[in-house]
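Read the numbers this way: they start at 1 and go in the same order the structure lists the ligands and their atoms. If you read the sequence from its start, that first residue is 1, and numbering goes on from there.
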Amino acid sequence: MKVSIKNPDQIEKMRVAGRLAAEVLEMIEPYIKPGVSTGELDRICHDYMVNTQQVIPAPLDYHGFPKSICTSVNEVVCHGIPSTKKILKDGDILNIDITVIKQGFHGDTSKMFHIGKPQKHLQRLVTITRESLYKAIEIIRPGTTLGDIGHVIQQYAEANYYSVVREYCGHGIGEVFHEEPQVLHYGKKGAGLVLREGMTFTVEPMLNAGKRQVKLNANDGWTVTTKDGRPSAQWEHTLVVTGDGVEVLTARPDEPFYRA
Ligand code: MF3
Ligand code: CO
Ligand code: CO
């Protein structure tokens with residue numbers, strides 16, 4: 001396995017890309033409400049990225065993906081395609097996944113939004129999924145293994161009666177959008193790659209309220225939904241392993257690990 005180590009100059013560029021990706025999620029929040037379409041949210045994000053931030057929206061034309069962001073509602077696990085026909089309604093949960101390219105480097109992050117006031121069980125799924133990501137981030141430092149990360153997420157998800165999606169995972173990231181290593185969201189303590197200072201990768205757990213199995217929409221080739229039709233949630237950050245811990249390159253000001 002050839003996992004690249006980024007030098008300080010590359011990490012600084014990852015910091016810039018990460019901050020810009022995080023800022024798109026902050027920018028779009030006030031537009032997210034019942035009655036808006038996911039296509040409209042894509043248009044607003046696209047314009048902001050291209051014209052204001054002067055970044056490249058990485059999803060656009062990535063292996064043929066047709067839009068600039070991913071919007072995944074309720075039972076959609078990931079890679080939802082924005083559409084002006086998909087109108088958000090009170091009680092929905094929505095994941096927006098943003099990836100930007102700046103100075104050749106990627107920043108990749110996603111978060112969940114409540115549309116109006118979702119039912120308590122949906123709010124709980126969203127919260128536990130976020131906490132599973134945060135618990136993984138807490139243990140990352142040189143010497144932590146990828147198995148440790150997967151174990152922490154799986155353990156917390158299953159203790160809360162949720163299942164972990166296995167077909168999609170986190171990934172190394174840098175000048176390449178998806179590079180080695182694969183970061184599984186399930187696993188065994190102490191197994192797998194040992195993390196070292198300068199590694200950059202995402203952690204992006206997808207938790208299902210029901211069974212873990214997913215299906216790919218054969219019509220569009222992208223949209224992943226739960227097989228049982230029950231809801232799914234996802235949160236994602238881009239991280240760099242530091243000398244004594246981890247830096248969250250896509251942290252937002254409302255988060256515990258944000259550094260101004
Ligand atoms: N941002 C997604 C990830 O976390 C990948 C989206 S690829 C796309 O890895 F083509 F669907 F946009
Ligand atoms: Co990612
Ligand atoms: Co992403």
Side-chain angles (χ1 to χ4, degrees), residues 3-4 6 14 17-26 28 38-39 41-43 45-46 49-50 55-73 76-83 86 94-102 105-113 129-130 132-133 136-137 140 146 149-150 153 164-185 199-207 214-225 232-240 246 248-252 255:
V3 175
S4 72
K6 272 73 177 179
M14 295 283 296
R19 182 176 316 118
L20 288 163
E23 285 173 357
V24 179
L25 289 175
E26 294 179 69
I28 198 62
T38 56
L41 298 176
D42 174 74
R43 188 191 62 74
C45 288
H46 176 92
M49 288 188 274
V50 170
V55 301
I56 297 167
L60 188 59
D61 290 329
Y62 181 76
H63 296 281
F65 191 80
K67 295 289 176 180
S68 295
I69 67 174
C70 296
T71 51
S72 302
V73 181
V76 178
V77 172
C78 62
H79 304 166
I81 303 174
S83 164
K86 180 63 186 177
L94 164 71
N95 175 278
I96 296 187
D97 193 338
I98 302 290
T99 312
V100 308
I101 309 172
K102 186 75 165 184
F105 285 81
H106 291 74
D108 186 7
T109 185
S110 81
K111 66 168 284 191
M112 298 297 298
F113 297 91
T129 306
R130 186 188 63 233
S132 78
L133 170 60
I137 290 171
I140 296 175
L146 288 181
I149 293 176
I153 292 167
V164 177
V165 171
R166 304 212 178 192
E167 288 81 355
Y168 300 88
C169 57
H171 49 92
I173 183 168
E175 292 182 88
V176 175
F177 192 169
H178 296 105
E179 64 182 29
E180 292 199 59
Q182 293 198 47
V183 181
L184 304 183
H185 302 117
M199 289 182 177
T200 53
F201 58 89
T202 73
V203 180
E204 47 184 296
M206 285 145 275
L207 268 52
V214 300
K215 61 180 179 196
L216 179 63
N217 181 317
N219 297 309
D220 66 26
W222 283 103
T223 310
V224 178
T225 60
S232 184
Q234 179 177 32
W235 292 75
E236 175 177 25
H237 274 309
T238 298
L239 312 168
V240 58
V246 61
V248 182
L249 299 172
T250 47
R252 299 176 301 278
E255 296 187 298

Chemist: Taking only residues two or more places apart in sequence or in another chain, which ones pass salt bridge (Lys or Arg N to Asp or Glu O under 4.0 Å) with E179?
Modeler: K6

Chemist: Please report which non-hydrogen protein atom sits nearest to atom 2 (C) of ligand 1, along with the residue it belongs to and the distance in Å to one decimal place.
Modeler: D97 OD2, 3.4 Å

Chemist: Can you tell me how far apart OG1 (T200) and CG (L249) are? Round to the nearest 0.5 Å.
Modeler: 7.5 Å

Chemist: For T38 and S83, indicate whether the former's side chain and the latter's backbone hold a donor-acceptor pair under 3.5 Å.
Modeler: yes

Chemist: Check whether any N or O atom of D108, backbone or side chain, sits under 3.5 Å from an N or O atom of ligand 1, and answer yes or no.
Modeler: yes

Chemist: If we only count N/O pairs under 3.5 Å, is H171 in contact with ligand 1?
Modeler: yes

Chemist: Which atom names give the shortest non-hydrogen contact between I81 and T71, and what distance separates them?
Modeler: C-OG1, 3.9 Å

Chemist: Could you walk me through whether I137 and H237 satisfy the side-chain contact (heavy atoms from CB on, under 4.5 Å) test, starting with their C-alpha distance in whole Å, then the side-chain angles of each, then the deciding distance to 0.1 Å, before giving a yes or no?
Modeler: CA-CA 9 Å; I137 290 171; H237 274 309; 4.0 Å; yes

Chemist: With 2.8 Å as the limit, jot down which protein N, O or S atoms are around the Co ion (ligand 2).
Modeler: D108 OD2, H171 NE2, E204 OE2, E236 OE2

Chemist: For the CD1 atom of I149 and the CG atom of L184, what is their distance to the nearest 0.5 Å?
Modeler: 10.0 Å

Chemist: What part of C70, side chain from CB on, backbone N/CA/C/O, both or neither, has a heavy atom under 4.0 Å from ligand 1?
Modeler: side chain

Chemist: Write out the residue and atom name of the closest protein heavy atom to atom 7 (S) of ligand 1, then the distance separating them to 0.1 Å.
Modeler: Y62 CD2, 3.8 Å

Chemist: Looking only at protein heavy atoms, which one is nearest to atom 9 (O) of ligand 1, and what is the separation?
Modeler: H178 NE2, 2.7 Å

Chemist: Nearest protein heavy-atom contact for atom 4 (O) of ligand 1: which residue, which atom, what distance?
Modeler: E204 OE1, 2.8 Å

Chemist: Any non-hydrogen atom of Y168 lying under 4.0 Å from ligand 1?
Modeler: no

Chemist: So, do Y62 and H178 have ring centers that fall under 6.0 Å from each other?
Modeler: yes

Chemist: Mark up the atoms of ligand 1 that fall under 4.0 Å of a heavy atom belonging to W222, in ascending order.
Modeler: 8 (C), 10 (F), 11 (F)

Chemist: Taking atom CD1 of I96 and atom CD of E236, what is their separation to the nearest 0.5 Å?
Modeler: 13.5 Å

Chemist: Any side-chain donor paired with an acceptor under 3.5 Å for H185 and E204?
Modeler: no

Chemist: For ligand 1, is there an N or O atom under 3.5 Å from any N or O atom of H79?
Modeler: no

Chemist: Under 4.0 Å from a heavy atom of T99: give me the atoms of ligand 1 that qualify, with their elements.
Modeler: 1 (N)

Chemist: Can you tell me which residue and heavy atom of the protein come closest to atom 12 (F) of ligand 1, and the distance to 0.1 Å?
Modeler: P59 CB, 3.1 Å

Chemist: Under 4.0 Å, counting heavy atoms only: does H63 come that close to any atom of ligand 1?
Modeler: no

Chemist: Check each of I98, T250, I69 against L25 using the side-chain contact (heavy atoms from CB on, under 4.5 Å) test, and report the only one that passes.
Modeler: I98

Chemist: Apply the test side-chain contact (heavy atoms from CB on, under 4.5 Å) to residues L133 and R130: give CA-CA distance (whole Å), side-chain angles for both, the deciding distance (0.1 Å), then the verdict.
Modeler: CA-CA 5 Å; L133 170 60; R130 186 188 63 233; 5.7 Å; no

Chemist: Would the distance check show the side chain of N95 and the main-chain N or O of Q234 forming a donor-acceptor pair, the cut-off being under 3.5 Å?
Modeler: yes

Chemist: State the atoms of ligand 1, each with its element, that fall below the 4.0 Å cut-off from a heavy-atom position in F177.
Modeler: 1 (N), 5 (C)

Chemist: To check you understand the geometry: which heavy-atom pair defines the closest contact between C70 and F65, and what is its length?
Modeler: SG-CZ, 3.7 Å

